[in-house]
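Here's the structure, in structure tokens; my notes come after.
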Amino acid sequence: TVVSLPCSHAKEILHCLKEKYFRELQDLEVDGQKVEMPQSLSWYPEELAWHTNLSRKILRKSPQLEKFHQFLVSETECGNISRQEAVSMIPPLLLNINPHHKILDMCAAPGSKTAQLIEMLHADMNVPFPKGFVIANDVDNKRCYLLVHQAKRLNSPCIMVVNHDASSIPNLQIDVDGRKEVLFYDRILCDVPCSGDGTMRKNIDVWKKWTTQNSLQLHGLQLRIATRGVEQLAEGGRMVYSTCSLNPIENEAVIASLLEKSQGALELADVSSELPGLKRMPGITKWKVMLKDGQWFEDWKDVPSNRQTQIRPTMFPVKDEEKLQAMNLERCLRILPHHQNTGGFFVAVLIKKSPMPWNKRQPKVTSFKRTKITGDTEVTAANSDNGSECVTEEPTLAENEESKKIQELQNSDTEQSKKEGVCGPPPSKKMKLFGFKEDPFVFLPEDDPLFLPIQKFYALDPSFPKMNLLTRTQEGKKRQLYMVSKELRNVLLNNSEKMKVINTGIKVWSRNSDGEQFGCAFRLAQEGIYTLYPFIHARIINVCIEDVKILLTQENPFLSKFSSETQKKVKDMGKPSNLCYDDYYTCPIVLCGWQGKTSLRAFVPKNERLHYLRMMGVEVFKAKRKEEESESKTEEDVQRRLAQTEEGMDVEDKEHDLVTKMEAETARKF
């Protein structure tokens, strides 16, 4: 098990781990055996990843480790800790991500690497909207919701989850200074489906089900996905190809085939100086191909014709020594399990030097008409082909007229939707949809009367990007307001007909009917507060640490329980309303809450409350045990209080059941 600390409070959590939880593990014995202390991974920057040999069973069952186990589960649910295999953290690190990069994660579920990508994008926590973004894709609709659950923990407006076959993921377009351009990605993570034989130490099924046929069946898919990835990579961009397999047919064979057909457009990057401390082996240049029945083949010409559907020429090593030497396959990374007590892993870092030879011409983009909506909201009805090149023939006059009429009929509804800033799911005729039918993404028009009371009530800064606000409903009252970055808005508006978007945006406001009488029907949402906070200039009070503890430990404390200074600030604010509490302890803490007539209340989820209390030195574990032992407050009371606190923090109905199961699964993982 590896625990990484990817959040803005990472230094505080690391201090808490070292000074509190790790110290309690010293000289601890469980079932007669001394507990091995967690060790930091020497190759991971700033001591932000730690390895422990504690098994899941011991963590869950041992009373001595109950406090440590509760800490891991709680912080994981908050998004402050990620638990994953050590070697699976390598690919995002080798992408060398900067906040302005446009990133594609081709096979993203379950999302641990995607979480790393998002964190790297938000390296500067003082910038609420990085210029870059992450588009996380997966072919499995159900796994996309697991991906959404992982990404939501990080509360980023720069992540979009889409549902496509990675080997044929469509070309997207963006509006650049009034003209349409194809979107090329600066960084691509290509962690392809594989046989998983590198996980043999932890996955007993590998021993039962592994055959040589696994790799033969996956090779073609892996090559197609990697090919589609480099097609969408920008010149000078970097793509990391990785598998949790050690079979060269899934690894070096795919890379060699890709390099060969790129004709010099791609090169393997030398990353030997990156991640110092990581033990690695070079890629191999010679291997054989074996069938399920035990037959070995060294060359394609040796394969009998009746076997040539199972074995393909791209599975064999390159025979031309000059070509082989130019490929530099030794620059690939092979991580062997016994070298540093990890799983087996393969990584190759590719740099794109020029367009692919079959894609020398840039994809042809049809001309388009700009349709003015209101203010800055602009959309277009033009579409381009999903392929790499567009070759068209000149139609006859009759064909032109007929196709024009058909197109007008087909696009009438689409045009109307786009004029309203609606980004819905693509039509069924263009794409076969699986799973749930998603609600549309509807951007607020600039003159929407809904926004003016919000802007006035919270004294939003003139620089607030209101055009990036969206909802998930076209009719009726808008219950939630979400926000995306300007760049993702551009992607959404220009590609709604060719993408199946599962989720995007971070919730920033929730409707609260009690607030209507005070001039604003929307309260702040805790998950989006760090994005909104730089733009808010009203309804903010700074409170001392003791007052924060009261807010986080009590359901609806009376004003009289707070310091006199806080009471004065609340009274000076006037009418009851939504507000946020601002406190700087060792790191910034911003809490959303509600000011009643005689009380204050924090709208903060349970695990986030526990996180902040830990950072302030409050022993939440002991408090919980005492509460259980005391009959003055039953477990039902505690659950009711937390449920009330989280009221209004909804999850879409379609995701609810899946996400609930995922949360239970997260607890079981520990």
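Heavy-atom basis, side chains included; hydrogens, waters and symmetry copies ignored. As the structure is a computational prediction, the values presented were derived from the model and not from experiment.
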Checklist entry - Stepwise, does the side-chain hydrogen bond (donor to acceptor under 3.5 Å, both in side chains) test hold for E77 with N607? => result CA-CA 7 Å; E77 282 302 306; N607 287 317; 4.9 Å; no
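- F133 has its side chain out of reach of V484: every pair of non-hydrogen atoms, C-beta onward, lies at least 4.5 Å apart.
- For D140 (side chain) and K142 (main-chain N/O), a donor-acceptor pair under 3.5 Å exists by modelled atom type.
- H339 and N341 form no side-chain donor-acceptor contact under 3.5 Å, judged by distance and modelled atom types alone.
- Applying the ring pair (Phe, Tyr, Trp, His ring centres under 6.0 Å) rule to F71 yields the partners Y21; only residues at least two apart in sequence or on another chain are considered.
- Among residues two or more places apart in sequence or in another chain, the side-chain contact (heavy atoms from CB on, under 4.5 Å) test is passed with S273 by none.
- Taking 4.0 Å as the cut-off between side-chain N and carboxylate O, K67 and E24 count as a salt-bridged pair.
- Partners of F129 under the ring pair (Phe, Tyr, Trp, His ring centres under 6.0 Å) rule, at least two apart in sequence or in another chain, do not exist in this structure.
- Under the side-chain contact (heavy atoms from CB on, under 4.5 Å) criterion, H15 pairs with E19, not counting sequence neighbours.
- F68 is listed as a side-chain neighbour of L54, based on a closest heavy-atom distance under 4.5 Å.
- Between the side chains of S74 and H611, no donor-acceptor pair of N or O atoms lies under 3.5 Å.
- A search for side-chain contact (heavy atoms from CB on, under 4.5 Å) contacts involving P337 returns R201, L246, not counting sequence neighbours.
- Of all the heavy atoms in V240 and P91, the pair that sits closest is CG1-CB, 3.7 Å.
- Using modelled atom types, no side-chain atom of E46 and backbone atom of Y44 make a donor-acceptor pair closer than 3.5 Å.
- Side chains of S195 and E250: a donor-acceptor N/O pair is present below 3.5 angstrom, by distance only.
- Considering only residues two or more places apart in sequence or on other chains, I351 meets the side-chain contact (heavy atoms from CB on, under 4.5 Å) condition with R238, E267, A269.
- Side-chain atoms of H101 come within 3.5 Å of backbone N or O of N98 as a donor-acceptor pair.
- Note on K34 versus D27: salt bridge recorded, some NZ/NE/NH1/NH2 to OD/OE distance being below 4.0 Å.
- Taking every heavy atom of both residues into account, V604 and C592 meet most closely at CG2-O, 4.2 Å.
- The pair R334-E252 meets the salt-bridge criterion, with a side-chain N (NZ, NE, NH1 or NH2) lying under 4.0 Å from an Asp/Glu carboxylate O.
- In this structure, Y241 and F346 have perpendicular ring planes: the angle between them is above 60°, well past the 30° mark.
- Judged purely by distance below 3.5 Å, without hydrogens or angles, the side chains of N155 and E527 never pair a donor atom with an acceptor atom.
- Side-chain atoms of D191 do not come within 3.5 Å of backbone N or O of A108 as any donor-acceptor pair.
- Between P99 and H122, every side-chain heavy-atom pair lies at or beyond the 4.5 Å cut-off.
- One finds no salt bridge joining E66 and R60 here, because no Lys/Arg side-chain nitrogen approaches an Asp/Glu carboxylate oxygen to under 4.0 Å.
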